[in-house]
Structures are given as structure tokens and as C-alpha cells.
Amino acid sequence: MCRVEETSGKCDYRKQWKMKIKIFGEGKVEKLKNSIVSRSRMKLWMIRAITTILLWTCFAQLMTLGEIFGPRLLKGWPSCFSHSELPLVAELSSIPPKVILPPKRLYKNNGYLMVSCNGGLNQMRAAICDMVAIARYLNVTLIVPELDKTSFWNDPSEFQDIFYVDHFITSLRDEVRILKELPPRVQQRVDHGMFLSMQPISWSDISYYFHQILPLVQKHKVVQLNKTDARLANNEIPLEIQKLRCRVNFNALRFTSQIEELGRRVVKILREKGPFLVLHLRYEMDMLAFSGCTHGCNSEEEEELTRMRYAYPWWKEKVINSEMRRKEGLCPLIPEETALVLKALGIDRNVQIYIAAGEIYGGERRMAPLTEAFPNLVKRRLC
């Protein structure tokens, strides 16, 4: 019975269409069909577009709310990560942001400059600043400087053991090209002795390097400066060179993380005990031997210092009048004089004084006057 009714309904529907076709004509009916279909498609696309926009809006709002309230709301909830994954999450969150490097400076390379520093850390640091400025001025490629291993300290440290070498290279890339080592083909020349090693003249101005050193670099392709202490004058130097020296010293030469951490530990220990003062006496054996300052030393100590001065052939002055040098103000203060200066400055005698120096020549005997005036002395090895 249902099938008969259903069939009759379909027949009625077909009859109605046939009557419409007769009344309106076939062309108009076809247009009517197309308009209905196009409107349906348009409505479908509009619904899709509006739905997509609403979903993205909701997603953005949820992200914002999650950043603001998420840590509070989820504080007591169990973590979605297993315990084994937590260290990885912490590690990823502790990754420092990407450092934006300065653009590389493009220039025609005139050759390679190798540097062998000499002296203590302060002298070598100052020399590195000078050599970077010189390399920039001469448009040469600087090889990471080699630190002194033959001095009184016998320190075997390499550059990368003291300074953050990658930061040193990248932070100065807009000024000068710096490499950790020579390119292989250039290294072969050095291995065969095809390079020049020399000592530049002390306290030279920048024109000396332009007129004397640059032609040698262009000729030999590789020049090694094997003495670098005080080889560039401090005065009457172009302002841009002076600025670059400062930039190297205060920005590019960054200590390694291990050394910085040690420094933080020392400062923390000192601060826990109250105010402190850091004092570098410059009264080590090598300093006295080099300068020839023997005031207050006995005859045996004078002979020991003289022997040491003759033991280092690159220390040019051998015969030195100690009293004359002292009168000229070229000797370090002895511990007694340091105590007088601190008293004159009004330093509290109970303040911590951290001795940031090597072994004081003469030991406790020489330090006795300073210790008596300021009893709260702190030795270097407190960590």
C-alpha cells in the first residue's frame, strides 16, 4: 500500500514539472535550476569560510588565555609528561634565545696575521686588543692569538681555555675576519717555513704597521708577531681604532663560563661576610725581577732577582739601578706603603681585603706590616 502511494507521489511530482515546462518554457526552467544550484554552492562556501574564521579566532583566544591563566589553573593538575621526559622539557625551556650576529664585513684580504702573546694575563689581554685593531686597520685575517706558555707562571692554557673563543670571533665579524686556525693550504706554507716571524717595535703608532708591516704581510702572505706587549701606542691613535680596542676588551673578550662561575662564587663568599676590597699588590717575584726594584730586599733576594732577570733573554734591561728607578716612580708599592695609602684613604681596618695577586715575594715577612694594619686579609684560594 505504501509503495503504491509513494509511486503515485513521484508521478504527481513529475507531472507538475512537465506542466511548469509547458507554461514557462524549457529555457526558463533550466535557468531556474542553475540559479538554485549556484545559490546552494555560495551558501556552502560562506558557511565554510565563517566556520574557519571562528575556529581560528577561538584558537587564538585560547592560546592567550592559556599563557595568562594556564600556569595557575594547571598548577595542581598531574603533568602530561612522564618523569623521564621532564628533564628534556626543562632543557628545551632553558635554551637561550638565538643571538643576532652582526653582518660580516667584506674586504679584500691582504694576508694572515698570527700572534704569539707574551707576559701575564693583563699584558696578553691588552695585546689582543691591539692586534685586533691592527688586523682591522691592515685588512688582514687574524688567527686566534696564542697565549704565553714560557713565562714565569708556566701556564699551559690555550686561548679557548680562558676566553669564549666563538663569541670572540662572531662578535667582531663586522670589523675583522678571525679564524681559529690557518686554512690548510696556508698552513702548508707555514709548515715549510714560508712565513715571516718578527717582533714589532714597541709603542709604535698605527702608521708604522701600515707602512712597515703591511708590505711584509702582502709579500709573505703570513706574518707572525711573536712579541705583542705594548706594541701599539696609546696616544695619537685614530678614534675608530681606540673604540675598537675598547670593544674588544669590554665585549669580545669574555671569559669562559667556568671562570665566570668561579668569579661569582668568590664574590658570593666575600659578600656573605660583609664589605670587601680587592687589592692587587703587583709584588710578585717576576715583577720585581723585571723592573729591577729591590727596595727592602736583603742581599740574597737581590741576587735571586738578578739571576731571574738574566734568565729571560727577551727582558732587554739587565743592569738596573733600583734606587734610581724607585725615585722615578717606576716601582710597585711595597706592602708597607700600600698600608699607608689605605689608611690615608680612610679604609676601615676591619674591612675584608682580598689579595688578588700571585705569591707575594718575601711571604709573611713582607706582608706583616699590611697584615698588622688590616688584619682581615683574605687569600686568593678561598674556594
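Source: prediction; values computed, not measured.
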C331/C293 sulfur atoms closer than 2.5 Å: yes
R247 side chain near E175 side chain, heavy-atom distance below 4.5 Å: yes
Within residues 122-135 or reaching into it, pairs that qualify as salt bridge (Lys or Arg N to Asp or Glu O under 4.0 Å) - sequence neighbours excluded: D130-R245
Atom CZ of F210: over 12 foreign heavy atoms under 6.0 Å: no
With a cut-off of 3.5 Å and sequence neighbours excluded, list every side-chain donor-acceptor pair involving residues 193-203.
residue: S197; atom: OG; partner: Q224; partner atom: OE1; Å: 2.9
residue: S197; atom: OG; partner: N226; partner atom: ND2; Å: 2.9
residue: S202; atom: OG; partner: R231; partner atom: NH1; Å: 3.3

Considering all heavy atoms, the nearest D205-Y209 contact: O-CD1, 3.6 Å
N118 side chain to D229 side chain, donor-acceptor N/O pair below 3.5 angstrom: yes
Trace of the salt bridge (Lys or Arg N to Asp or Glu O under 4.0 Å) decision for E364 with K379: CA-CA 12 Å; E364 297 299 327; K379 299 295 183 180; 3.7 Å; yes
Point-to-point distance, once rounded to the nearest 0.5 Å, from CD1 of I334 to CD1 of I360: 12.5 Å
Close side-chain approach of M124 and I162, heavy atoms under 4.5 Å: no
Sub-4.5 Å side-chain heavy-atom contact between L253 and C129: yes
pair L377-I355: side-chain heavy atoms closer than 4.5 Å: yes
Value rounded to 0.5 Å, distance of CG in N298 from CD in E300: 5.5 Å
Side-chain touch V378/F276, heavy atoms, less than 4.5 angstrom: no
Aromatic plane relationship, H167 with Y164 - under 30° parallel, 30 to 60° tilted, over 60° perpendicular: parallel
Residues in salt bridge (charged side-chain N to carboxylate O under 4.0 Å, His left out) contact with D155, at least two apart in sequence or another chain: none
Cluster check L101, I178: I/L/V/M/F/W/Y, side chain < 4.5 angstrom: no
Side-chain heavy-atom pair N350, N376 within 4.5 angstrom cut-off: no
Point-to-point distance, once rounded to the nearest 0.5 Å, from CZ of F374 to CG of L342: 4.5 Å
Sidechain-backbone polar pair: S171 side chain, A252 backbone, donor-acceptor under 3.5 Å: no
Value rounded to 0.5 Å, distance of CD in E261 from NZ in K268: 9.0 Å
Electrostatic pair E302:R309 at N-O distance under 4.0 angstrom: no
Ion pair R254/D166, N-O distance below 4.0 Å: no
Considering all heavy atoms, the nearest Y112-R185 contact: OH-NH2, 4.2 Å
Connected via hydrophobic side-chain network under 4.5 Å: L244 and F250: no
E181, CD atom: more than 12 neighbouring heavy atoms under 6.0 Å: no
Minimum heavy-atom distance between E323 and H295, given as atom pair plus value: OE2-ND1, 3.6 Å
E372 atom CD: more than 12 heavy-atom contacts under 6.0 Å: no
Minimum heavy-atom distance K318-Y312, with the two atoms named: NZ-O, 2.7 Å
Parallel, tilted or perpendicular: rings of F168 and F159 (30°, 60°): tilted
Salt bridge flag under 4.0 Å for residues E240 and K243: no
Same apolar cluster (I L V M F W Y, side chains within < 4.5 Å links), L277/L340: no
Exercise: do E304 and Y361 side chains pair donor with acceptor under 3.5 Å: yes
I143 and M131, any side-chain heavy atoms less than 4.5 Å apart: no
Between OG1 on residue T256 and CG on residue D161, distance to nearest 0.5 Å: 8.0 Å
Shortest non-hydrogen contact between I241 and Y137, atoms and distance: CD1-CD1, 3.8 Å
Interatomic spacing from CD1 in I320 to OG1 in T306 - rounded to 0.5 Å: 8.5 Å
Option passing salt bridge (Lys or Arg N to Asp or Glu O under 4.0 Å) with E337 (candidates R326, K343, R282): R326
Salt bridge E301-R365, side-chain N to carboxylate O under 4.0 Å: yes
Cluster link L172 to L179, ILVMFWY, side chain under 4.5 Å: no
Nearest atoms (heavy-atom pairs only) where L182 meets V190: CD1-CG2, 3.5 Å
Beyond-backbone contact of L232 with I206, side-chain heavy atoms, under 4.5 angstrom: yes
R271 atom CZ, neighbour heavy-atom count above 12 within 6.0 Å: no
